[in-house]
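Before any comments, here is the structure.
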2 protein chains.
Amino acid sequence: MAEGQSQNTSSGQSLLYLTDEQLRQGIEAMFFAYRGFTADPDRILEGLSYGRAHHRAIHFIHCAPGTTVNNLLAILGVTKQSLNRVLRTLIEDGLVTSHVGRSDKRERHLTLTEAGEALEQQLSDAQRVRMRDAYRKAGPEAVAGFKTVLEAMMDDDMKRAYLALREGR
Amino acid sequence: MAEGQSQNTSSGQSLLYLTDEQLRQGIEAMFFAYRGFTADPDRILEGLSYGRAHHRAIHFIHCAPGTTVNNLLAILGVTKQSLNRVLRTLIEDGLVTSHVGRSDKRERHLTLTEAGEALEQQLSDAQRVRMRDAYRKAGPEAVAGFKTVLEAMMDDDMKRAYLALREGR
DNA sequence: TTGGAATGTCAACAAGACTGACGTATTTTC
DNA sequence: GAAAATACGTCAGTCTTGTTGACATTCCAA
């Protein structure tokens, strides 16, 4: 335990930014920032009897149209029962379509309908407004650092999923 | 809507980092990173019939010993009823003590017991290990940028709460 | 002193996550 | 061709954590 307070390496480079206090600040910053991050879409969703789970599904179906249920499961990191509840309502409400796979008929390929795309736009616009403001305030160097730290914070398989999404576009 | 794809200002500075695609990447990075961020403490908690809500309460009581329920409410952003359920179990289990206020007897002042401090240590150690690794990998400049962007992403009142916590130490 | 505001507690309910079990269609493997 | 594995959907039950509503206590100000 308590490796914490060491502040210099043998190489002499200052490691003040690795103190427990600095790390605690980072932890709290993540907590408060994530709240801001989800606040705007949450406000939109709450009027529609949808939740954050629906938003996540819509987001990733938009990014990877035609993706399968299993695929989505891996990205979202939830159980299929949990995802299924969400998908069922989205399909019933005509925001998502589910097509039997051509080569493998066991698979269901998911796509946003026009209405689904419209909601996706509305949600991601709201989220991007905040992100864009934050990015602009912080400047390009800060944004680069931001992404570097976030990537380093991910689990390895999450990082793979994240990078795969970037490749796919 | 769709202000999106503009890429240069009149000042000529490149705004490539503000494209919709870049913003989308940032959004996904937040999603995946937050999962990593909570994964380690969640694993510890799951054996103890506590959840993330208990972790949050413990964290902020540790940071501001003697804080009131109302105070905690403002920081956590949940209803007092929700917080109360969590606090009740923590008090029953002897991790937190609740003292009636001296000047205002309506208030309850919350403190971690020795056992509470021990669990706090265990949880924040786990979380700090990941943060420290991420920080070390990314380097001090990236970390500075990371914090700048996160602060810019917070709601104003959250930012006030965040900065107040930093002052208080 | 009395009525309103603030603080905190109890009870009931809903969303969304989880596990476990089961059914069906399809594909792969032996 | 039969058996095993895969992909998906569903039912039932539980847990955490959020919500609202009702209520008790305490403080303060008119």
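Numbers restart at 1 for each chain; the letters A, B, ... are given by sequence-line order, proteins then strands.
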Between dT9(C), dA21(C), dA7(D), which one does the side chain of Asn84(B) approach most closely? dT9(C)
Separation of atom [atom1] in [X] from atom [atom2] in [N], rounded to whole Å:
X	N	atom1	atom2	result
Arg102(B)	dT26(D)	CZ	C1'	17 Å
Asp104(A)	dA25(C)	CG	P	15 Å
Lys105(A)	dG9(D)	NZ	P	17 Å
Arg35(A)	dT17(D)	CZ	P	15 Å
Glu46(B)	dT16(D)	CD	C1'	13 Å
Leu83(A)	dT10(D)	CG	P	12 Å
Ile91(B)	dT9(C)	CD1	P	7 Å
Leu45(B)	dC18(C)	CG	C1'	16 Å

Short question: side chain of Arg128(A), backbone of Leu23(B) - any donor-acceptor pair under 3.5 Å?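 No, because the side chain of Arg128(A) does not come within donor-acceptor range (under 3.5 Å) of the backbone of Leu23(B).
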Using atom types as modelled and distance alone, determine if a side-chain donor or acceptor of Thr113(A) lies under 3.5 Å from a backbone N or O of Leu95(A).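 Side chain of Thr113(A) to backbone of Leu95(A): a pair is present.
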Could you say whether Arg108(A) or Gly101(B) is positioned toward the 5' end of DNA chain D, judged by the nucleotide with the nearest heavy atom to each? Arg108(A)
Quick check: any donor-acceptor pair below 3.5 Å linking the side-chain of Gln81(B) to the base of dG21(D)? yes
For the atom pair CD (Gln22(B)) and OH (Tyr17(B)), what is the distance rounded to the nearest 0.5 Å? 11.0 Å
Using every non-hydrogen atom in the two residues, find where Arg35(B) and Leu76(A) come nearest and quote the distance to one decimal.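 Taking every non-hydrogen atom into account, NH1-O, 3.0 Å.
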Are Asp155(A) and Arg130(B) within salt-bridge range, i.e. N to O under 4.0 Å?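 The answer is yes: the pair qualifies as a salt bridge.
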Between Val78(A) and Leu87(B), which residue's closest nucleotide on DNA chain C lies nearer the 5′ terminus?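 Checking each residue's closest nucleotide, the 5'-ward one belongs to Leu87(B).
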May I have the list of side-chain donor-acceptor pairs in residues 79-91 of chain A shorter than 3.5 Å, sequence neighbours left out?
unit_1   : atom_1 : unit_2   : atom_2 : d
Thr79(A) : OG1    : Ser82(A) : N      : 3.3
Thr89(A) : OG1    : His54(A) : NE2    : 3.3
Thr89(A) : OG1    : Val86(A) : O      : 2.9

Would you indicate what Lys80(B) reaches in the nucleic acid, counting non-hydrogen atoms under 4.0 angstrom: base, sugar-phosphate, or nothing? base
Base, sugar-phosphate alone, or nothing: which one does Gly77(A) contact when heavy atoms must sit under 4.0 Å apart? sugar-phosphate
Please verify the inter-ring angle class for Phe32(B) with Phe60(A); under 30° counts as parallel, over 60° as perpendicular, anything in between as tilted. tilted
Polar side chain donor-acceptor pair, His59(B) to Glu120(B), under 3.5 angstrom: no
Interface polar pairs with nucleotides 3-6 of chain D, N/O, under 3.5 angstrom:
unit_1 : atom_1 : unit_2    : atom_2 : d
dT6(D) : O2     : Arg106(A) : NH1    : 2.6

Where do N or O atoms of nucleotides 13-16 of chain C meet protein N or O atoms at under 3.5 Å, pair by pair?
unit_1  : atom_1 : unit_2   : atom_2 : d
dG16(C) : OP1    : Gly51(A) : N      : 3.4

Check Ile58(B), Leu123(B), Asp93(B) against Tyr50(B) for a side-chain contact (heavy atoms from CB on, under 4.5 Å) and give me the one that passes. Asp93(B)
